[in-house]
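Below is one structure, written out as C-alpha cells, with a few remarks after it.
Please read these numbers as outputs of a predicted model, since none were measured by experiment. Residues: numbered from 1 along the sequence shown.
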Amino acid sequence: MTDIESKLPNVGTTIFTVMSQLAVEKDAINLAQGFPDFSAPKDLLDRINYHMQSGKNQYAPMAGVIELREKIAAKVSESYGCSFNPTNEITVTSGATEALFSAITAFIHPGDEVIVFDPAYDSYEPAIRLSGGRTIHLPLNGKDFSVDWNQVADSIHPSTKMIILNSPHNPTGSILSAEDINSLKQIVENTDIILLSDEVYEHIIFDGRQHQSLLLHDDLRERSIGVYSFGKTFHATGWKVGYCVADEKLMKEFRRVHQFVQFCVVTPIQMGLADFLSSNPEHYKELGHFYEPKRDYFIELMQDSDFIMEASAGTYFQLADYSKISNKKDTEFAKWLTIEKGVAAIPISVFYESPPEQKIVRFCFAKNNPTLERAARKLCEI
C-alpha cells in the first residue's frame, strides 16, 4: 500500500489523552484532564436507570427526544430571557465536541477564515482545516487573558466567516465581560459573520459574576450558535451529551451535518436528563456555588507551594505559574511533574499557534477534597 496522504498531517494525539495515559502509567493524581472524581447526582442516575429498565433503549429522534428539548428551551428561557423553539432550534448532540465539529463543518467553506483566540481549545482548528477553512489565531492578552478587540477589528476581512468564542474559557478560566460583548457587537454589525459560542462551563462562574452568554443579546442571537454540555453540568463527562441552540436558519444547516456525524444520542440518558431538569433545577443554578469553594480550597492548600496562582473566574480549572520552580518548557515540566512528582497537569502552550514565553500549567480542581489534599501535598514539596 502506498503512503497515505493525511488530511491532518501535523495533528497528533490530543494532549488530554497523552497526559491522562501518562498519569495512569505512573499512577499519578490526574489533575490534567477535566473530569470530576465524584458521581453524577443519584436522582439523575435513578431516572436514567428507570428509563433503561422501562424499554427506552431504541433510537431517539435525530434532533433529540422532544421531552429533553422542551426542558432545554425552558432552561434557556429562564437563564437568558430568550425563546427558542424546541422543534427546530435546539439539537441534542454527542457532547459539545460533536456540536462544535458539526457547526464548523456546516458553515465553513474552502477559503473561509475563522478567528479563534489562543490559547484555543484543540478541537477547533482540525474541524476548520478539514472544511478547507483558514484559522486566524489571535492571542489573548498577557496575564488576564482578555481579548484585544482592536486586533479583532483589524483581522476582519471579506473572507471572515466565523468567530469562535469560549467563555468561561478553557484552559485559562477567564470570562467575557459586558464590555467585551459591546465590542463584539460593534465589530460584527453589518457583516454576515457567524458567532460560534462555546459555553460549556456556563454555570461554573465565580465571585458574583454573570455569564455573558451571546443568547442574552437580541442583536447577536440571530447570528449565534450556542454550544453547551450536560457532562460538565451534571458531573458525567463520559456520557458525552451536549446540545446546540441556534436560530432556525442556522439550525437547519447544522442538522444537515449532525445527522451524519451522530444521528442521535443515547435515549435513556436523554429521558433521565429531561426528568432531572424538571425535578432538580437547583443543581445547575447552584453549580457555581458548588465549585467556588473547591477553587478556594485548592488555592489555600497551595499557599505553601512555589506555584503562583490568580483565582480563576470560571470553569473548574486553575492556572499555575511555575516560573519560581523550573525553567523547563511547560510540556516538559508537565511530564516531569507527572513522572517524578506524581501529579498530572496540562501544559497550555499546546493551545497556541505561537506560544508566548510563559511558565504555566493547568490544574483541574473538580475533585473530592482528599484528592486535592493529596495532590497539594505533593506539589508543596517541590
Between T371 and N368, does the side chain to side chain donor-acceptor pair (under 3.5 Å) criterion hold? Intermediate values first, please.
CA-CA 5 Å; T371 304; N368 283 308; 5.3 Å; no
What is the minimum heavy-atom distance between I348 and P119, and which atoms define it?
O-CB, 4.1 Å
Donor-acceptor side-chain pairing of N170 and T315 below 3.5 angstrom
no
For L319 and P171 the tightest heavy-atom approach is CD2-O, 3.3 Å
Locate the shortest heavy-atom distance separating I175 from S167; write the atom from each residue and the value.
CA-OG, 3.4 Å
What class does the angle between the rings of Y291 and F365 fall in, given that below 30° is parallel, 30 to 60° is tilted and above 60° is perpendicular?
perpendicular
Does the side chain of Y124 come under 3.5 Å of the side chain of D198 through a donor N or O and an acceptor N or O?
yes
Would E340 and K335 count as a salt bridge (Lys or Arg N to Asp or Glu O under 4.0 Å) here? Give the steps.
CA-CA 8 Å; E340 301 297 334; K335 291 178 182 177; over 6 Å; no
Identified side-chain hydrogen bond (donor to acceptor under 3.5 Å, both in side chains) counterpart of S20 within the set T14, N30, T338
N30
With a cut-off of 6.0 Å (strictly less than), are more than 12 heavy atoms of other residues, nucleotides or ligands near CD of E70?
yes
Hydrogens and angles aside, do D180 and S177 bring a side-chain donor and acceptor to less than 3.5 Å of each other?
yes
Without swapping roles, check the side chain of E125 against the backbone of A120 for a donor-acceptor pair under 3.5 Å.
no
Would K75 and Y284 count as a cation-pi pair here, with the cationic atom under 6.0 angstrom from the ring centre and within 45° of the axis?
yes
Apply the side chain to side chain contact (heavy atoms under 4.5 Å, CB included) test between I72 and each candidate in F84, Y228, Y243; give the one that qualifies.
Y243
Side-chain donor-acceptor contact under 3.5 Å, R295 with S312:
no
Quick one: is the NZ or CZ of K240 closer than 6.0 Å to the six-membered ring centre of F230, and within 45° of its axis?
no
Check the orientation of F276 and H283. Use parallel for under 30°, tilted for 30 to 60°, and perpendicular for over 60°.
perpendicular
Identify the heavy atoms of A96 and V227 that sit nearest to each other, and give their distance.
CB-CG1, 3.6 Å
Between H51 and S54, is any side-chain donor less than 3.5 angstrom from a side-chain acceptor?
no
Can the positive tip of R362 be found less than 6.0 Å from the middle of the six-membered ring of F317, inside 45° of the ring normal?
yes
Locate the shortest heavy-atom distance separating P168 from I204; write the atom from each residue and the value.
CG-O, 3.9 Å
Any side-chain donor paired with an acceptor under 3.5 Å for Y322 and Q358?
no
Do S102 and E98 meet the criterion of a side-chain donor-acceptor pair at a distance under 3.5 Å?
yes
